[in-house]
Every structure is written in C-alpha cells, then in structure tokens.
2 protein chains.
Amino acid sequence: MDNMKLIGDLLHSHGLKKTPIRTEVLELFMDHDFALSASDIVAKMTAGHDRVTIYRALSSFEEHGILHRASEDGQGTKYALCGHKCPDEQHTDKHAHFVCDECHQTYCLEDVQVPEVEVSSEFTVERTSFVLGGICRQCQQ
Amino acid sequence: MDNMKLIGDLLHSHGLKKTPIRTEVLELFMDHDFALSASDIVAKMTAGHDRVTIYRALSSFEEHGILHRASEDGQGTKYALCGHKCPDEQHTDKHAHFVCDECHQTYCLEDVQVPEVEVSSEFTVERTSFVLGGICRQCQQ
DNA sequence: TATTTAAATGCAACTTAGTTGCAAATATAA
DNA sequence: TTATATTTGCAACTAAGTTGCATTTAAATA
C-alpha cells in the first residue's frame, strides 16, 4: 500500500494539512468502488469522530477537486474520488452515476459520458448531472 | 378557468377523492411553470395546512402518475405536473430539468430528451435523471 | 528542538426534509 | 341519510446538514 504516500501528496498539493481523519477518509474512498456519503463514512471510521468534521472534510475535498458529488438521492449526498479515469482537472460531472434502489450504493459509470445538450438561452448551464437508477448486480438475486 | 373541471376529472380518473387541499395543490402546479417542493407548496397554500398532508398528497400524486419528480437538489425533492407536453403515460424521466443555483427553482426542459445510454450489464437501469444546473434568466442580472 | 499560528477538530445547538402512528374529520357510494 | 374507506391533523420522531465558538494540532520558522 503506497496509498499513504499518495494521500500525503494529494493533501499537500492542495494546501491541506495531513490529519489522521482526512487520511482515513481518503483511504476509505480508495478502498471502495462506489460513492460514499457523510454518514457512510462516519459509520466506517474506526474511531467515533464527529459528523461535523466529516462534513467539513468532504466540503473541503470537493472545493479542492479531490472528490466530486456523485448523486443526491434521498439518502444524502454521495461523493466519489476524482480518480484513475477522471482527468486531473475538471473531473466534475463528466461521467454518469448509477444509484441502486436496493442498497442505495452509488457507482461511477466512468465510460458513460454525460451528454452535451443545447438548452434555451434562458438558462446558463454550469453543471450537469446524469444519474441512472435501478438495481445493481449484487442486489439482483 | 376550467382548471377546476380538469382537476376534478384528473383526481376522479385516478380514484382519488377530490378534497380542497388536493385541488389547491394541483392548482398551484398549474399556475407555475417550474417545479415545486413540499415546502414551496406549504408556503403558497392560503390556509396553513399541515406539512404531512402535503407530503402525502405529493406521494399519492406521484404514485398515480399525476406528478413526476423533477429534481432533488439540496433544497428537497421538487415535483412537476405531467402536463401539456408530457405524453399521457410514462411521463417520468423523459425530459431533462434545470435547477437554478440562485433561486433554486426547477424548470422542466421538455424539449431536452433524456438520452438513452448503454450501460454495463452489471446494472439494470429503471430510471434516468438528467439535471442541469446553473443560472436562470431572472437571476442573470 | 521549541515556539508560534493558522488551520482543523469537537461540542452543543440548531434548521430543514421527510416519516410514522393514531385519532378525528370528510368525501362519496349505497 | 348513513356507512365506510380515505384523508387530514397532530405529536413525535429520524436523518441530513449547518453554524458558532472554544480547544487542539500540523507544520512553518526561529
């Protein structure tokens, strides 16, 4: 695992201090192939850290382009790492996401591009979110 | 205004009782060209009706295909009438929606079709939501 | 290595969205 | 007009997210 080094670099390169909590949060994201919400993280963290701290870590990561918002279903906002297949910059909203109705997990569909569309000049589009819903393989049976 | 007759028919044809509250809720949807959330409706209703009743009316309308979910931004779920340009059946998710970051209003983009996409067989897609975000004309200045 | 300080954390308290159970009220069919 | 299933209101709850403030800590620098 050289995740440790990676995480250190990631935080440092964005001018964020490397704290145990932030490190553990980023490790969680690296260890999962689906998006996580603040409460998912609180539940998975070893020590019982305050919800507020997790919310603040997530916002901060989002602002710095380390995480992107993957979906906002009824179970709260889920975030995903701007990772492997994401370009280093402008990772937001480039791919679609899939939310399972059964387990409520959110997956990045990194090969499904968010389509570019023409919209009435009445609206200035700054973000696009393309979220599919249904059942994932695990919940299929 | 023959909205009244229309509303009566709509409720009756879905086996829903025509109550003052439901009538007023549907009138509100007919009078607005953007989507409304439960709290929007509570605020706009003349008499101070209970939030719970509004939530229940909305769920019921959604179940019966009278309303569709337009967006779920941080300000709560917004609903829109399955109206004029919606086909009478299967109105859900057929078009994109636009959420303004400034006023948080959600508009139906009835001419922007939600694209059909190919997804890994790992996922069974049952719903699709295509939501654009940005600034609407009113908030432009 | 010790000191300093801006940034990060924890705590308490709050807001807002949404839900559930149950009793009272009411729309409609008979 | 009455009977009944539906709808409504109330109270109480959960869960997500936020804010202010005091305390702690990472890391720059002396």
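Per chain, numbering begins at 1; letters A, B, ... match sequence-line order.
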Pair B:Arg69 + B:Glu62, salt bridge at N-O below 4.0 Å: yes

Basic-acidic side-chain contact under 4.0 Å: B:Lys44, B:Asp40: no

Sub-4.5 Å side-chain heavy-atom contact between A:Phe98 and A:Val112: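 A:Phe98 vs A:Val112: side chains apart.
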
Would you kindly give the [atom1]-to-[atom2] distance between [X] and [N], to the nearest whole Å?
{"X": "B:Tyr55", "N": "D:dT14", "atom1": "OH", "atom2": "P", "answer": "17 Å"}
{"X": "A:Arg51", "N": "C:dA8", "atom1": "CZ", "atom2": "P", "answer": "20 Å"}
{"X": "A:Met45", "N": "C:dT9", "atom1": "CE", "atom2": "C1'", "answer": "11 Å"}
{"X": "B:Leu58", "N": "C:dA17", "atom1": "CG", "atom2": "P", "answer": "13 Å"}

Minimum heavy-atom distance between A:Met30 and A:Leu81, given as atom pair plus value: CG-CD1, 3.6 Å

Considering all heavy atoms, the nearest B:Ser121-A:Arg137 contact: OG-NH2, 3.3 Å

Distance (rounded to the nearest 0.5 Å) between B:Thr53 OG1 and B:Arg51 CZ: 10.5 Å

Got a donor-acceptor contact below 3.5 angstrom from the [X] side chain to the [Y] backbone?
{"X": "A:His49", "Y": "A:Met45", "result": "no"}
{"X": "B:His97", "Y": "B:Ala70", "result": "yes"}
{"X": "B:Ser13", "Y": "B:Asp9", "result": "yes"}

Touch class at under 4.0 angstrom, heavy-atom based, for A:Ser39 against every strand present: sugar-phosphate

Sugar-phosphate, base or nothing in reach of B:Thr77, heavy atoms under 4.0 Å: sugar-phosphate

Relative orientation of the end axes in the helix from C:dT1-D:dA30 to C:dA30-D:dT1, expressed as an angle to the nearest 10° (five pairs per end):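 The value is 30°.
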
5′-ward residue of the pair B:His49/A:Glu72 relative to DNA chain D: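 Here B:His49 is the residue nearer the 5' end.
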
Contact nearer the 5' end of DNA chain D, comparing B:Ile21 with A:Ser59: B:Ile21

Protein proximity profile, nucleotides 19-28 of chain D - base contact B, sugar-phosphate-only contact S, no contact -, cut-off 4.0 Å on heavy atoms: BB-----BS-

